[in-house]
Amino acid sequence: LEELRWVLLRIIVLNLILMCVSFIYSNEIQYLLVSPINNLQLNNFYLQDIKITSPFMAKVIISLFSSIIISFPYIIFEIYRFIYPAISNVSKIFLFFLFISSNFLFLFGCFFGYTYLLPVSISFFVKLIDQNVTFAPERVGYIFYSFWLIVVSGFIYQLPIISLILTKLKIINYEFLKQMRPYSIIIFLVLGALLSPPDPLSQLLIALPLYILYELSIIISYFFRVK
């Protein structure tokens, strides 16, 4: 328990430091988040602060989400280091694979969310705007939506890792995942429809990676099944 406390303390301290740094550079981070809209070259768009506390809350949201994204690899590393001494050599190899894969998939998911999901979703909403209406969303709402999309995308890409852990815990198996495949395809298509413009190509570009991740989850669950 003492070691666990130190693990949690180091994670909390790192996140506080990252939040402070992100708070200082919040304007630069906000510029990155607004870039997808700037690339659309809208003449009647601007972000606005409605409440007195909005400028401060915008910086807090930026610093909080930025610290979560940046600290994710370190959090996984702390978990890895905490478990490492108590497991067998074979399990250590498995855990190392888990550590590398989890970080890669999370960062790739965030990258996909920022470079594709965010611009595509914003482009869709912008097309709904009447040209006679000034598009002026609240800055706090836009920042929260942008980060939410990026972080959720990162965690969605943890699907193979989650299936691996649940398989080792005997909660699911590859046969269960195979049986749930048709339902999963429907869910992925629905997500693609919700997160993209109403055209088949954009929906497919979202649903297809999710389906590939699901198939990868089945393969991983098969190879790491408890015999």
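Start at 1 with the first residue, then count along the sequence.
- Ile219 is not listed as a side-chain neighbour of Tyr174, based on a closest heavy-atom distance of 4.5 Å or more.
- Across all their heavy atoms, Val34 and Tyr142 have their closest contact at CA-OH, 3.7 Å.
- A search for side-chain hydrogen bond (donor to acceptor under 3.5 Å, both in side chains) contacts involving Ser184 returns Tyr214, not counting sequence neighbours.
- With hydrophobic clusters built from ILVMFWY side chains whose heavy atoms lie under 4.5 angstrom apart, Leu117 does not share a cluster with Ile68.
- Judged purely by atom type and a 3.5 angstrom limit, Ser217 uses its side chain to pair as donor or acceptor with the backbone of Leu213.
- The two residues Gln179 and Pro182 make their nearest non-hydrogen contact at O-CD, 3.4 Å.
- Across Ile62 and Gln30, no two heavy atoms sit closer than the pair CD1-CB, 3.9 Å.
- The side chain to side chain donor-acceptor pair (under 3.5 Å) pairs that include a residue from residues 12-26 are Asn15-Ser71, Ser26-Lys59, where partners are two or more places apart or lie in different chains.
- The CD1 atom of Ile70 sits 10.5 Å away from atom OG of Ser63, with the distance rounded to the nearest 0.5 Å.
- Put simply, Ile143 and Met57 are part of the same group of oily side chains (I, L, V, M, F, W, Y) that touch within less than 4.5 Å, one to the next.
- Considering CD1 of Ile100 and CD1 of Ile76, their distance stands at 11.0 Å, rounded to 0.5 Å.
- Legend: salt bridge (Lys or Arg N to Asp or Glu O under 4.0 Å) pairs involving residues 14-29, not counting sequence neighbours: none detected.
- Between the side chain of Ser102 and the backbone N or O of Phe99 there is no donor-acceptor pair closer than 3.5 Å.
- Not a single ring pair (Phe, Tyr, Trp, His ring centres under 6.0 Å) links Tyr114 to another residue, sequence neighbours left out.
- Shown here are the side chain to side chain contact (heavy atoms under 4.5 Å, CB included) partners of Ile24, two or more places apart in sequence or in another chain: there are none.
- Residues meeting the side-chain hydrogen bond (donor to acceptor under 3.5 Å, both in side chains) test with Tyr74, sequence neighbours left out: Glu78.
- Between the CG atom in Leu9 and the CG atom in Leu14 there is a gap of 11.0 Å [rounded to 0.5 Å].
- Under the side chain to side chain contact (heavy atoms under 4.5 Å, CB included) criterion, Ile171 pairs with Leu166, Leu169, sequence neighbours left out.
- The aromatic rings of Phe112 and Tyr157 sit tilted, their planes meeting at an angle between 30° and 60°.
- Under the side-chain hydrogen bond (donor to acceptor under 3.5 Å, both in side chains) criterion, Glu215 pairs with Arg181, Tyr211, not counting sequence neighbours.
- The distance from the CD1 atom of Ile69 to the CG atom of Leu18 is 11.5 Å, given to the nearest 0.5 Å.
- For Ser146, there are no side-chain hydrogen bond (donor to acceptor under 3.5 Å, both in side chains) partners two or more places apart in sequence or in a different chain.
- Counting heavy atoms from C-beta outward, Leu33 and Ile150 have side chains that approach closer than 4.5 Å.
- Every residue meeting the side chain to side chain contact (heavy atoms under 4.5 Å, CB included) condition with Ser54, not counting sequence neighbours, appears here in chain and number order: Asp49, Lys51, Glu138, Val140.
- By the ring pair (Phe, Tyr, Trp, His ring centres under 6.0 Å) test, Phe65 pairs with Phe144, Phe147, sequence neighbours left out.
- Residue Met19 comes nearest to Ser67 through the heavy atom pair CG-OG, 3.4 Å, listed as atom of the first residue, atom of the second, then distance.
- In this structure, CD1 on Ile172 lies 9.5 Å from CD1 on Ile218, to the nearest 0.5 angstrom.
- A chain of hydrophobic side-chain contacts below 4.5 Å, direct or via other Ile, Leu, Val, Met, Phe, Trp or Tyr residues, connects Ile156 to Phe104.
- Looking at residues two or more places apart in sequence or on another chain, you find no ring pair (Phe, Tyr, Trp, His ring centres under 6.0 Å) involving Phe111.
- Residues Phe77 and Leu16 do not share a hydrophobic cluster, clusters being chains of Ile/Leu/Val/Met/Phe/Trp/Tyr side chains in contact below 4.5 Å.
- In terms of hydrophobic clustering, with Ile, Leu, Val, Met, Phe, Trp and Tyr side chains grouped at heavy-atom distances under 4.5 Å, Ile12 and Phe72 are assigned to different clusters.
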